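Taking it in order: structure first as structure tokens, then the write-up.
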Amino acid sequence: FALDGFDVDNHFKGPGDHATMERHCVRDRAAYEALFANARPDQRLGESSPLYLYSTHAAERIYHYVPHVRLIALLRQPTARAHANFRQYRIAGIEPILRFEQALAAEEARRAQRWGPWPFWSYRAVGNYAEQLQRYYALFDREQIMVCLYDELRDDAVAMLQRIYAFIGVDSQFVPDTSVRHNVGSRPRARFLHRLMTQSNPLKTTIKRVIPDRPRIWLRVLLSRLNEERLALDPALGSQLTREYTPGIRRLQGLIERDLTSWFDVHA
């Protein structure tokens, strides 16, 4: 819905943009519908994408194809989210700038050079949630939109997921396994070990063959945590960025009718 009809060839000029898009994104209706070809009649069909909220035309495309859809937005305090995106790109090896403040300063130039535009090269602009959500509220009934907060996911993931289950009409009593954390923002201490765990190689292939899935996942998580070093957010920069976001946070509070007082703290 973000890439359908979009001028892809004249965008996505940033490091890794095209490779990421080709590997993870679906760009036409036939390929999209094929994702659900094996679904049973009693199942709910759904997908998630970090592209849809920031995209200026995804809301209209979604409304055109599936006007009765139920939509779920997961929002994080925008300063924390921007810094987490930066860390993720540094860990992935595609963000060439070493310091967060320098990456923020490069944002306008990167847009002019047509990096992205989605999802996260515009670290600062992606945090303007009220403006982005308003596109959906203008098209869909409020009953079709559920806004969840990262704080809820962090503090009680099961409770949040069970509310989502009720919202989409499946068993709200189901208890999912939330023991494994994904996309933890950190920098590898030992880059060799990081590459060994994340890139294809003979040892990784052999381990997959001899160790069952669940023990292998726990081993990977353990090694990752041993191999991490936090990329800390400078408190002064965090406070400055949160002050910039404050008017938008206030607008968002009114739009979604939620108390976001904790978001005025950079560490929320």
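Keep in mind that what you see is a predicted model, and the values were worked out from it rather than measured.
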Judged by modelled atom types alone, do [X] and [Y] share a side-chain donor-acceptor pair under 3.5 Å?
{"X": "Tyr52", "Y": "Gln132", "value": "no"}
{"X": "Trp121", "Y": "Asp17", "value": "yes"}
{"X": "Asp4", "Y": "Tyr65", "value": "yes"}

Item checked: side-chain contact (heavy atoms from CB on, under 4.5 Å) evaluation trace for Thr178 with Leu153 -> CA-CA 10 Å; Thr178 61; Leu153 176 65; over 6 Å; no
Is it true that [X] and [Y] fall in one hydrophobic cluster, defined by side-chain heavy atoms closer than 4.5 Å?
{"X": "Leu98", "Y": "Leu237", "answer": "no"}
{"X": "Ile94", "Y": "Ile97", "answer": "no"}
{"X": "Leu3", "Y": "Tyr63", "answer": "yes"}

State whether the side chain of [X] and the backbone N or O of [Y] hold a donor-acceptor pair below 3.5 Å, judged by distance alone.
{"X": "Gln113", "Y": "Lys13", "answer": "no"}
{"X": "Asn128", "Y": "Ala125", "answer": "yes"}
{"X": "Gln162", "Y": "Ala159", "answer": "no"}
{"X": "Ser55", "Y": "Leu51", "answer": "no"}
{"X": "Glu152", "Y": "Met160", "answer": "no"}
{"X": "Arg44", "Y": "Ile168", "answer": "yes"}

Hey, what do you get for [atom1] ([X]) to [atom2] ([Y]), rounding to the nearest 0.5 Å?
{"X": "Leu75", "Y": "Leu252", "atom1": "CG", "atom2": "CG", "answer": "6.0 Å"}
{"X": "Ser239", "Y": "Leu233", "atom1": "OG", "atom2": "CG", "answer": "8.5 Å"}
{"X": "Thr261", "Y": "Asp265", "atom1": "OG1", "atom2": "CG", "answer": "11.0 Å"}
{"X": "Arg76", "Y": "His83", "atom1": "CZ", "atom2": "NE2", "answer": "10.0 Å"}
{"X": "Asp156", "Y": "Arg163", "atom1": "CG", "atom2": "CZ", "answer": "7.5 Å"}
{"X": "Asp9", "Y": "Arg114", "atom1": "CG", "atom2": "CZ", "answer": "11.0 Å"}

Do [X] and [Y] come close enough that some side-chain heavy atom pair is under 4.5 Å?
{"X": "Arg90", "Y": "Arg99", "answer": "no"}
{"X": "Ser49", "Y": "Phe1", "answer": "no"}
{"X": "Trp263", "Y": "Leu149", "answer": "yes"}

Check: Taking ILVMFWY side chains as joined if any heavy atoms are under 4.5 angstrom apart, and letting links pass through other members, which residues group with Val158?
Finding: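 Joined to Val158, directly or through intermediates: Val175.
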Item checked: Partner residues of Arg251 under the salt bridge (charged side-chain N to carboxylate O under 4.0 Å, His left out) criterion, sequence neighbours left out -> none
Margin query: Please enumerate all residues that pass salt bridge (charged side-chain N to carboxylate O under 4.0 Å, His left out) together with Arg40, with sequence neighbours excluded.
Written below: Asp42
Does atom [atom1] ([X]) have a neighbourhood of more than 12 heavy atoms from anything else shown, all under 6.0 Å?
{"X": "Glu108", "atom1": "CD", "answer": "no"}
{"X": "Asn38", "atom1": "CG", "answer": "no"}
{"X": "His68", "atom1": "NE2", "answer": "no"}

Notebook entry, point to check: Quick one: is the NZ or CZ of Arg70 closer than 6.0 Å to the six-membered ring centre of Phe167, and within 45° of its axis?
Noted result: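 Relative to the ring axis of Phe167, which defines the angle, Arg70 lies inside both limits.
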What is the minimum heavy-atom distance between [X] and [Y], and which atoms define it?
{"X": "Tyr136", "Y": "Ala58", "result": "OH-CB, 3.9 Å"}
{"X": "Pro15", "Y": "Pro96", "result": "CG-CD, 4.4 Å"}
{"X": "Pro67", "Y": "Gln144", "result": "O-NE2, 2.9 Å"}
{"X": "Thr79", "Y": "Leu241", "result": "OG1-C, 3.6 Å"}
{"X": "Phe140", "Y": "Ala59", "result": "CE1-O, 4.0 Å"}
{"X": "His18", "Y": "Val8", "result": "CE1-CG1, 4.1 Å"}

Notebook entry, point to check: Passes side-chain contact (heavy atoms from CB on, under 4.5 Å), Glu33 versus Arg29? Steps please.
Noted result: CA-CA 6 Å; Glu33 291 180 348; Arg29 180 174 177 176; 2.9 Å; yes
Next item on the list: Write out all pairs satisfying salt bridge (Lys or Arg N to Asp or Glu O under 4.0 Å) with one or both partners inside residues 124-141, taking only residues at least two apart or from two chains.
Entry: Arg124-Glu244
Angle class for the [X]/[Y] ring planes (parallel below 30°, perpendicular above 60°, tilted otherwise)?
{"X": "Phe100", "Y": "Phe86", "answer": "tilted"}
{"X": "Tyr32", "Y": "Phe36", "answer": "perpendicular"}
{"X": "His57", "Y": "Phe6", "answer": "parallel"}

Notebook entry, point to check: Got a sec, which residues hit ring-ring contact (aromatic ring centres under 6.0 Å, His included) with Tyr245, two or more places apart in sequence or on another chain?
Noted result: none
Notebook entry, point to check: Taking it one step at a time, do Gln253 and Asp259 satisfy side-chain contact (heavy atoms from CB on, under 4.5 Å)?
Noted result: CA-CA 6 Å; Gln253 282 190 132; Asp259 179 9; 3.6 Å; yes
Next item on the list: Carefully, step by step, assess Tyr123 and Glu95 under the rule side-chain hydrogen bond (donor to acceptor under 3.5 Å, both in side chains).
Entry: CA-CA 12 Å; Tyr123 298 120; Glu95 171 55 80; 2.5 Å; yes
Margin query: Applying side-chain contact (heavy atoms from CB on, under 4.5 Å), can you list everything that pairs with Arg142, at least two apart in sequence or on another chain?
Written below: Tyr137, Leu255
Next item on the list: Kindly determine whether Phe264 and Thr246 satisfy side-chain contact (heavy atoms from CB on, under 4.5 Å), including the steps that lead there.
Entry: CA-CA 7 Å; Phe264 298 113; Thr246 294; 3.5 Å; yes
